[in-house]
Every structure is written in structure tokens, then in C-alpha cells.
**Q** 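Structure below; questions to follow.
Atoms considered below: every heavy atom in the structure, side chains included; atoms not considered: hydrogens, waters and symmetry mates. In what follows, chains carry the letters A, B, and so on, assigned in the order in which the sequence lines appear, proteins first and then strands, with residues in each chain numbered from 1.
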Protein chains: 2
Amino acid sequence: MASLPVVKQPPPRVGALLDHLSRRIRLRSESVLAPLGLRPRHLLALTVLRDLGGSSQQALARTLEMDGTNVVGLLNDLEADHLVERRRSPEDRRRHVVELTDAGAQWLAKAECALASVEDEVFAELDHDQRATLYSLLRQAMRDCPPSPAGCIAEPPSC
Amino acid sequence: MASLPVVKQPPPRVGALLDHLSRRIRLRSESVLAPLGLRPRHLLALTVLRDLGGSSQQALARTLEMDGTNVVGLLNDLEADHLVERRRSPEDRRRHVVELTDAGAQWLAKAECALASVEDEVFAELDHDQRATLYSLLRQAMRDCPPSPAGCIAEPPSC
DNA sequence: TATTGTTATACTCTATAACTATA
DNA sequence: TATAGTTATAGAGTATAACAATA
């Protein structure tokens, strides 16, 4: 076989850019969210819960692509602040049905408004239509999302 | 059409989506990179080093948005595997000029080929043009970023 | 026996502070 | 005094294993 010195350009890697940008947003989000008492992953969990409605902890873990054991601690935090509720499922008493409380929904809405400014800053170089395009591309990439096809992360409410 | 007060929705929040997708890529990249003996952040550092050429550790830390103390350990790993070299700067002997070795460049190329399949999987829902659009949008969002973050857009994997 | 949630634990990642050597 | 790099270390994030309750 011919071992041609293929020093062509490397393949298109979006991963590094994604990693970088999401790191930026996460770092800034932490500052913004700190006064509200929680961290980005709490927000992520609440967002998923709003989209999924009641869901078992394992389903939540799959959606978040987090280990189930860590979801326990995450929910402990949120439950301590009365932002979510755990109820035993009547059908299968091993399961906990996790649901957003009213307070949780309120907190989430407030946090999302606070985060809007973070994104305005991070995506300052993109105009409105470009941001919409970016959103729809990311959304499409997530289309095969593990448990619930529609339930990855839906459109946030406007503030 | 600008004469009418068109109610434009605020741009949707992409932070959660970005976080999610980058998490996916990172998790899958770890599996792919493990046989090669390193982790995603090692690859990220090598990529930045290739793009930046020789650079001080602090410049590297800023580009990676990592704490300088952690860059030390990262470089220790890479230097132990002879993938990078640290030389004292002749101009300012406090500085280390970090550079990719030939072995490092080779390893990086191999790793990138391996990662191409990860991205093909994660972005299976997007066609080539959409991936190119996504790349250019992310790239534009990073435009104010110091030097260039890791990543190149090119033809599909040639490996 | 298999599954859901939980605890305990270890391993990794990240950030803060103190030290060195240069400037 | 200030800066580049290093070390030590504590805190957060994450994963593995064992256990209780339930199916």
C-alpha cells in the first residue's frame, strides 16, 4: 500500500470550539448564578425537568448524561430549596417522580433572564439571525437525544 | 418591512444546548482517546500549541481559559511523553517557551483522525454544509478571542 | 433475580496560596 | 516590587461498588 505523506488539512473539528465556548458561558454563568444560590448544572437540571415534566431520576440522569448517583445530590440541593419535589410513583414504588415546583419554575425564569445577558455578551459578535441559525443547528444536532426526542432542551420563555 | 413594528423574539438561549453537546463530545472523545493514552484536554492543548507555535505557559493558560497552575500538570504529562518541549526563553529567563515536538504533531494528527468519527456520530443529523455553517458561526462568536482556539475546518477526514 | 434510589468512597478537575527564580 | 513557573492543597465534579426497598 502506498504510504503517501498526506499532510492535508485535519478533519473539521467543531468539538474544540464547542468546548471552548461552552466553557466561557459556564464560567460567566457561575458568576451570574452565584447570587441566586445555585450552579449551572442545577439550572440545567431544572430546565430539563420543565421540558420533560415529571420524570424518574434515571430518566433524568440519561437526559443529562450524568451518573445517577450524582443526580441524587443534585436533587437533594434542589429539594432543600423547595425547587423540585420527589414523589413515589404509585405504579412502581421504587421510582421517584421528580417535578418542578412553582417556586422552581419562578427561580428558573429569573435565572434565565439573568443568563440572557451572559449570552448577549458571549455572542456579541453574532447578530440576531445568526444566533437563531446557531440555535436551530444545535437543536437539530440534538435531534436524536437519548430518551425523549422532543425533550432535550426546549425553547426558553422570553423575559 | 422595517416600517412595521415587527415583534422579534429575543434570541434563544444556546448555552444549555452548547453545554450538552460539548459534554457529549467530551464523553465520547475520552473513550476514543483513552487507547492513545491521553485525555481531551491534552489534545486541546496540543491543538492550541500547533496553532500558536511556541508560546509561554501563561499565554497558553489564557487561550485555554485554564488556571496556570493546571497547565503545569498538563505540560508535565505531555513532556513526559515527549509530545512537547519546554525551553527557557533567552530574552526573559523566567519564561518557558512551549513547543510541539514532531512526535507531538504526529500524535495530534492521529488523535484528530480518531476524533473525526466521534464528530461524525454526534453531528450525524447535520449535513456537510450545515456543519460548515455551524463551524463558521462558532468561529465568529470567538472572534474576539485572543489567538485562535483549537480547530480547523477542512474536507472530510482523509485518514 | 433485576431495578430504583441511596450511601460511601475514590479519582479527577479546578482554584487559591505560598515558594523560587528571575526581572 | 512584580512576574513566570512551580508546588501543595482544598474544594467541586464524577464514577464505581455495595446496600435497601421494591418489582
**Q** Can any side-chain N or O of B:Gln130 pair as donor or acceptor with the backbone N or O of A:Leu137 at less than 3.5 Å?
**A** no

**Q** Between B:Arg26 and B:Asp19, is the closest basic N to carboxylate O distance under 4.0 Å?
**A** no

**Q** For the pair A:Arg88 (side chain) and A:Arg94 (backbone), establish whether a donor and an acceptor sit closer than 3.5 Å, ignoring hydrogens and angles.
**A** yes

**Q** Report all interatomic pairs (protein N or O, nucleotide N or O of nucleotides 21-23 of chain D) with separations under 3.5 Å.
**A**
from   : atom 1 : to      : atom 2 : distance (Å)
D:dA23 : OP1    : A:Arg93 : N      : 3.0

**Q** Given 3.5 Å as the limit, does a donor-acceptor pair link the side chain of A:Glu119 with the main chain of B:Gly15, or not?
**A** yes

**Q** Could you tell me from which nucleotide to which nucleotide of DNA chain C, 5' to 3', there is an atom under 4.0 Å from chain A heavy atoms?
**A** C:dA2 to C:dT14

**Q** Donor-acceptor pair, A:Gln140 side chain versus B:Glu125 backbone, under 3.5 Å?
**A** yes

**Q** Which whole-number value in Å describes the distance from A:Glu65 CD to D:dA15 P?
**A** 10 Å

**Q** Would a distance-only check, ignoring hydrogens and angles, find a side-chain to backbone donor-acceptor pair under 3.5 Å from A:Arg131 to A:Phe123?
**A** no

**Q** Check whether any side-chain N or O of B:Arg26 sits under 4.0 Å from OP1 or OP2 of D:dG13, and answer yes or no.
**A** no

**Q** What's the CZ-P distance between A:Arg41 and D:dG11, to the nearest Å?
**A** 17 Å

**Q** Rounded to whole Å, please give me the gap between CZ in B:Arg95 and P in D:dT6.
**A** 14 Å

**Q** Do any N or O atoms from the side chain of A:His20 and from the backbone of B:Glu65 form a donor-acceptor pair under 3.5 angstrom?
**A** no

**Q** Which value, rounded to the nearest 0.5 Å, describes the distance between B:Arg139 atom CZ and A:Leu21 atom CG?
**A** 11.0 Å

**Q** Check for a donor-acceptor pair, side chain of A:Asp67 on one end and backbone N or O of A:Thr69 on the other, with a separation under 3.5 Å.
**A** yes

**Q** Should we say atom CZ of A:Arg86 is surrounded by more than 12 heavy atoms from elsewhere, each under 6.0 Å from it?
**A** yes

**Q** Is there a donor-acceptor pair under 3.5 Å between the side chain of A:Ser56 and the backbone N or O of A:Arg95?
**A** no

**Q** Would you jot down, in residue-number order, the residues of residues 66-85 of chain B having a non-hydrogen atom under 4.0 Å from DNA chain C?
**A** B:Asp67, B:Thr69, B:Asn70

**Q** What is the distance, to the nearest angstrom, from the CG atom on B:Leu27 to the C1' atom on D:dA15?
**A** 11 Å

**Q** Taking CZ from B:Arg62 and P from D:dT3, how many angstroms apart are they, rounded to a whole number?
**A** 12 Å

**Q** From D:dG5, D:dT6, D:dA12, pick the nucleotide closest to the side chain of A:Arg39?
**A** D:dA12

